[in-house]
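Quick note on labels: first sequence line is chain A, next is B, and so on, each numbered from 1.
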Amino acid sequence: MSANAAEKKTLTLWQKALTRDEDWHKDELRAVVFWLISAYSVFLGLFYGLLGFRGLPCFITYFVGSIALPSIYWTSYLGVDDEDFGGKMEVLGDSIGSGVAMFLLSWVGVYTMIHA
Amino acid sequence: MADFVKLLALSLVASGASEAISYYLVYRTEQFQHLKQSIVRNEVKLDEEKRATTGNAQRRQRRIESIEAQLSSTRSKAGSLQLRCTLIVGVIQLLVIYQVNSIFGSAPVGTLPFEPLSMFRSLTHRGLPEDSPSNACSATFVFVLGGLVFKSLIDRSLQLGIPKGSSLPKWVTNPEDVIGGKK
């Protein structure tokens with residue numbers, strides 16, 4: 001038991017992000033969600049830009065994914081109840097704005113490079 | 001495409017410079033560091049009180065309210081310290097945007113893969129001629145997007161400012177607490 005407790009104490013944030021049923025503080029969860037949304041935004045922007053996708057459906061799929069994916073991750077995988085931290089928007093809050101900017105920048109940049 | 005990359009580099013430099021100015025004027029001062037540590041301590045205490053299940057619930061609620069009031073006051077003091085550098089950084093950013101417009105002129109630097117809504121056209125088409133294509137992308141738009149991205153990445157990586165805390169007002173996250181519906 002004490003060996004397990006010692007192991008738990010030395011987990012880095014990213015090790016914790018890959019481990020189920022750990023205790024989370026709000027700032028830690030928000031940090032992981034921020035980087036998750038950032039990676040998703042850049043990846044989706046690059047994907048749409050490379051394939052030349054255009055228009056409103058791209059925005060819709062982006063927004064749906066940027067809310068659904070982190071929610072599913074922390075609910076199903078981490079076992080965290082977002083009500084403990086003030087709700088879904090409290091955890092997502094400051095990640096969405098920068099995520100949209102990253103998505104637009106990568107999408108417009110790659111689209112301009114390949115298709116313009 | 002070369003202009004696009006130049007704009008990204010420029011916005012990275014501008015964001016880095018803004019953060020450096022904020023650090024030099026505010027973040028490194030003893031007063032700000034003291035306030036920041038106080039906020040971190042109170043956030044931890046608040047988290048522990050909210051998670052606690054033993055003890056008198058009324059006393060715990062009073063302690064929570066007291067810590068929240070302290071946090072609010074400390075954040076407000078830290079915010080007023082940051083106000084001066086926010087104004088300076090704002091002026092610098094406006095000057096840089098003005099320079100971006102004059103350097104890159106009225107030529108589009110990219111192509112938008114969507115039709116921008118009319119309320120965003122003033123940003124996506126800033127400085128471009130009236131007869132430019134509807135999917136033309138202005139230098140200002142790329143610079144602003146780059147600034148948003150790099151500022152958030154620098155903030156999140158270096159964590160020089162005050163911890164974010166509750167980013168949304170209480171009436172959004174816990175409306176039942178505000179209107180007194182919860183027993």
Compare every heavy atom of B:F4 with every heavy atom of A:G109, then report the nearest pair and how far apart it is.
-> CA-CZ, 3.5 Å
ILVMFWY cluster, A:V80 and A:Y77 together (side-chain gap under 4.5 Å) | yes
Rounded to the nearest 0.5 Å, the CG atom of B:L145 sits from the OG atom of A:S98 at a distance of 12.0 Å
Around atom CG of A:D81, are there more than 12 heavy atoms of other residues, nucleotides or ligands at under 6.0 Å?
-> yes
Do side-chain atoms of B:T111 reach the backbone of A:T112 as a donor and acceptor pair under 3.5 angstrom?
-> no
Under a 4.5 Å heavy-atom cut-off, does chain A meet the side chain of B:V44, its backbone, both or neither?
-> neither
Which atoms of A:H25 approach chain B - backbone, side chain, both or neither, heavy atom under 4.5 Å = both
Test item: A:F34 and B:R156 side chains (from C-beta on) under 4.5 Å apart, heavy atoms | yes
Would A:R54 and B:N135 satisfy side chain to side chain contact (heavy atoms under 4.5 Å, CB included), going step by step from the backbone distance to the final call?
-> CA-CA 11 Å; A:R54 299 170 42 90; B:N135 63 351; 4.2 Å; yes
Transitively linked via ILVMFWY side-chain contacts under 4.5 Å: B:L12 with B:L95?
-> no
What one should report as the nearest heavy-atom pair of B:F141 and A:L104 is CZ-CD1, 4.3 Å
Looking only at heavy atoms, what is the nearest atom pair of B:C137 and A:V108, with distance?
-> SG-CG1, 4.3 Å
Closest approach of B:S157 and A:W35, non-hydrogen atoms and distance?
-> OG-CH2, 3.9 Å
So, do B:L8 and A:L105 sit near enough that their side-chain heavy atoms are less than 4.5 Å apart?
-> yes
From A:L56 CG over to B:E115 CD, what is the distance, rounded to the nearest 0.5 angstrom?
-> 11.5 Å
Stepwise side chain to side chain contact (heavy atoms under 4.5 Å, CB included) test for A:M102 and B:L148 = CA-CA 8 Å; A:M102 285 183 212; B:L148 287 171; over 6 Å; no
With a 4.5 angstrom heavy-atom cut-off, could you sort out which part of A:Y48 is near chain B: side chain, backbone, both or neither?
-> neither
Pick from B:G110, B:S152, B:G146: which one has the most heavy-atom pairs with chain A under 4.5 Å?
-> B:S152
Can you name the closest pair of heavy atoms from A:W107 and B:P113 and give their distance?
-> CE2-CG, 3.3 Å
Shared hydrophobic cluster for A:Y111 and A:L51 (ILVMFWY, side-chain gaps under 4.5 Å) = no
Would you say A:V33 and A:F43 are hydrophobically clustered, going by side-chain heavy atoms of ILVMFWY under 4.5 Å?
-> no
With hydrophobic residues grouped by side-chain heavy-atom distances under 4.5 Å, do B:V149 and B:V144 end up in a single group?
-> yes
